[in-house]
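Values below: all heavy atoms of this structure, side chains included; hydrogens, waters and symmetry mates excluded. Per chain, numbering begins at 1; letters A, B, ... match sequence-line order.
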Amino acid sequence: MFSLIEPHLPILQVIVPLIAAPLCALFGNRHLAWVIAFTAASISFGIACLLLASVLDGSIISYEIGGWAPPWGIEYRVDAANAFLLLIVSLIGAIVLPYARRSIEKEFDRSTHTYFYVCYLLCLTGLLGVAITGDAFNVFVFLEISSLSTYALVAFGADRDKRALTAAYNYLIMGTIGATFFVIGLGLLYMMTGTLNMVDLSERLAALGDNRAVHVGYVFILVGLGLKLAMFPLHLWLPNAYTYAPSAITAFLAATATKVAVYVLLRFIFSIFGFEFSFETLTLEYVVMPLAIIAMFAASIAAVFQEDIKRLLAYSSIAQIGYILLGVTLLNHTGLTAGIIHLFNHAVTKGALFLAVGCFVYQIGSSRLSDLKGMGRLMPWTSAAIVIGGLSLIGVPLTVGFISKWYLISASLEAGSLFIAGLIVMSSLIAVVYVWRMVETLYLEPAPAGRQKGEAPLSMLIPTWTLIAACLYFGVNSELTSSAASQAAHAFLPPQQIVSGGAGQ
Amino acid sequence: MLDTFTSAWFVGHYNYWMTIVLMMIGLYIVVSRGNLVKKIIGLNVFQTSVFMLYISMGKIFGGTAPILTDNPDEVYSNPLPHVLILTAIVVGIATTALGLALVIRIREQYDTIEEDEIFDIEQKMAGQPESHSPIVQGGER
């Protein structure tokens with residue numbers, strides 16, 4: 001039985017949630033819809049585990065859709081890098097669902113819950129599809145499937161705060177501009193090469209050499225994806241979208257959506273354009289890296305001044321994306337490993353933090369810092385989760401944040417820049433300030449009189465603490481994540497291509 | 001005569017010039033208009049320009065529709081960009097529909113679809129203006 005299914009795992013990864021979505025809508029019952037959604041997400045997670053296990057030794061799975069051979073047909077291609085990402089996305093997708101069930105009850109009307117699960121599954125489908133596909137145009141299609149469902153999911157927050165609608169609208173405008181830029185870039189590449197298959201593209205681009213149209217295409221793709229992944233000056237949609245979306249969705253998006261966009265960027269930078277393309281090295285070093293560093297500081301400082309804990313964490317997310325991009329733009333193997341490992345670590349940390357904030361929203365209906373005074377004693381488990389997650393954001397040892405910072409700093413030393421290593425430490429100190437603001441509010445301020453002690457339901461606490469536990473476990477034992485990230489870095493950057501200092505030779 | 005005319009730099013790339021013009025018009029509408037429906041229309045114009053870019057690159061002089069005929073010397077246009085753009089059109093329709101649906105909900109909740117009025121309402125909702133650091137300011141709009 002299994003041997004029959006096994007060769008089709010790559011397509012099943014995407015098909016299972018895709019089929020489950022209309023099933024949810026057909027049955028119409030919100031309990032049944034949840035069961036279907038959770039089953040589909042769990043199956044996806046299982047498939048992602050199997051795929052990762054079979055590519056960790058460095059092999060590559062290529063799946064031809066409809067039996068059409070690659071450069072003509074659409075190819076699904078699984079290597080260590082995207083298998084790792086598939087695992088992250090499907091893991092978060094499966095963990096958030098049990099949480100969402102209780103969380104959304106208090107956040108919007110029950111009659112729309114079924115459609116919430118439909119959108120959720122479609123979003124999951126899109127993100128998994130982006131990760132697994134080996135066809136550049138297919139990336140666009142899946143990116144839009146996930147983005148369109150994300151806009152709808154953000155708008156679900158409108159019952160609690162109508163600003164969710166304008167947040168979703170602005171996200172739609174910017175997201176669509178980003179996606180359209182991406183398509184323009186692809187069009188230019190297609191004009192020059194006549195192919196859309198990623199492997200084929202990289203070979204033909206290498207043969208083509210330096211070319212103005214390719215440069216323009218590259219910049220369009222960089223800006224388009226920059227909008228999707230909230231690269232610093234293009235991040236304006238993110239704070240509002242994260243603040244007003246339902247709590248479960250904020251956690252899901254923060255942990256997956258931007259990460260998937262980062263992956264696509266890495267795929268284009270390293271696998272498709274490659275380092276022979278010196279224009280790329282220049283833009284990365286002189287445009288993206290400074291922007292990443294500005295993001296680390298500016299967004300962290302902005303986070304310090306926020307009054308809403310969700311918005312505070314949203315700004316922190318922008319800063320963390322800065323760290324990921326910084327690791328990547330150091331253009332050495334350790335840096336790329338650091339970027340990928342931080343991709344995972346930040347997904348776990350920020351997912352856990354937003355889930356914990358959702359517990360507060362469930363209990364007291366607000367995520368404003370002024371309403372959370374003294375909650376450390378009233379909701380001890382949730383508050384403890386915030387503290388541990390916060391420590392991980394700073395990068396305290398024994399949390400995953402430390403592992404990321406360690407790799408980042410060693411990568412910048414390897415690139416010969418003590419200055420950048422210093423900047424990483426300094427921006428982490430700003431993180432201390434905003435994390436301290438949360439801790440101070442929760443533990444050192446008196447609770448308003450008459451508020452009852454009471455924790456969020458277990459079905460919300462368990463997912464939160466599962467992620468917190470992962471945050472601690474992978475902080476102590478980083479064997480698994482660092483080897484997977486290192487394998488992933490190899491998949492992007494074959495060892496023979498690694499040149500110290502990064503400049504293509 | 002006609003050849004030299006069509007290969008002139010402007011006319012030869014007529015489609016591409018128009019693509020750029022449309023692209024800029026669309027993007028300008030999105031950025032400059034405060035009316036939420038007009039923004040969606042601008043987005044549509046912007047996306048349409050990309051459709052034109054793709055379709056133009058698939059066209060070959062003297063090429064026919066890509067249907068197999070008995071003549072082995074037949075020149076065909078490239079069908080792939082057409083297929084891609086069919087997909088992109090579907091995505092565009094979905095985006096427009098979702099965007100307009102959001103505008104309807106915004107109109108129900110805010111009683112206006114003008115961006116600056118919505119901005120004022122949101123400022124009042126926040127009670128006091130939220131604390132801003134310089135880079136946050138743009139993010140509020």
Check each atom of [X] against the heavy atoms of chain A and say whether the ones under 4.5 Å are side chain, backbone, both or neither.
X	value
B:Leu84	both
B:Phe51	neither
B:Ala88	both
B:Ile106	both

Heavy-atom neighbours of [X] [atom1] exceed 12 at 6.0 Å:
X	atom1	answer
A:Tyr115	OH	no
B:Tyr76	OH	yes
B:Arg33	CZ	no
A:Arg204	CZ	yes

Quiz prompt | A:Ile145 versus chain B, the contacting section by heavy-atom distance below 4.5 Å | solution = neither
Self-check item: Contacting moiety of A:Tyr169, where chain B heavy atoms sit under 4.5 Å
Solution: both
On a heavy-atom basis, which atom in [X] and which in [Y] lie closest, and how many Å separate them?
X	Y	value
B:Leu102	A:Ala155	CD2-CB, 3.6 Å
A:Leu148	B:Ala94	CD1-CB, 3.7 Å
B:Arg105	A:Ala158	NH2-CB, 3.4 Å

Roughly how far, to the nearest 0.5 Å, is the [atom2] atom of [Y] from the [atom1] atom of [X]?
X	Y	atom1	atom2	result
A:Ile184	B:Met23	CD1	CE	3.5 Å
A:Lys162	B:Glu122	NZ	CD	8.5 Å
A:Met191	B:Tyr54	CE	OH	8.5 Å
A:Tyr190	B:Asn78	OH	CG	3.5 Å

Self-check item: Among B:Val90, B:Ile121, B:Leu80, residue most engaged with chain A (heavy-atom pairs, under 4.5 Å)
Solution: B:Leu80
Quiz item: If you tally heavy-atom pairs under 4.5 Å against chain A, which of B:Val30, B:Leu27, B:Leu43, B:Thr87 wins?
Solution: B:Leu43
Self-check item: Flag side-chain contact, heavy atom, 4.5 Å: B:Glu115 against A:Thr166
Solution: no
Practice problem: Name the member of A:Leu238, A:Val304, A:Val183 that forms the most heavy-atom pairs with chain B at distances under 4.5 Å. | Solution: A:Val183
Quiz item: With chain B, which of A:Ile173, A:Leu186, A:Thr180 has the greatest number of heavy-atom pairs at distances under 4.5 Å?
Solution: A:Thr180
Quiz item: Taking the inter-plane angle between the rings of B:Phe46 and A:Phe181 on a 0 to 90° scale, is it parallel (under 30°), tilted (30 to 60°) or perpendicular (over 60°)?
Solution: tilted
Quiz item: Step by step, would you call B:Ile40 with A:Leu172 a side chain to side chain contact (heavy atoms under 4.5 Å, CB included)?
Solution: CA-CA 10 Å; B:Ile40 299 270; A:Leu172 180 134; 4.2 Å; yes
Self-check item: Donor on one side chain, acceptor on other, B:Gln47 and A:Thr176, under 3.5 Å
Solution: no
Quiz item: Please walk me through it: do B:Glu108 and A:Leu165 pass side chain to side chain contact (heavy atoms under 4.5 Å, CB included)?
Solution: CA-CA 11 Å; B:Glu108 284 170 1; A:Leu165 294 173; over 6 Å; no
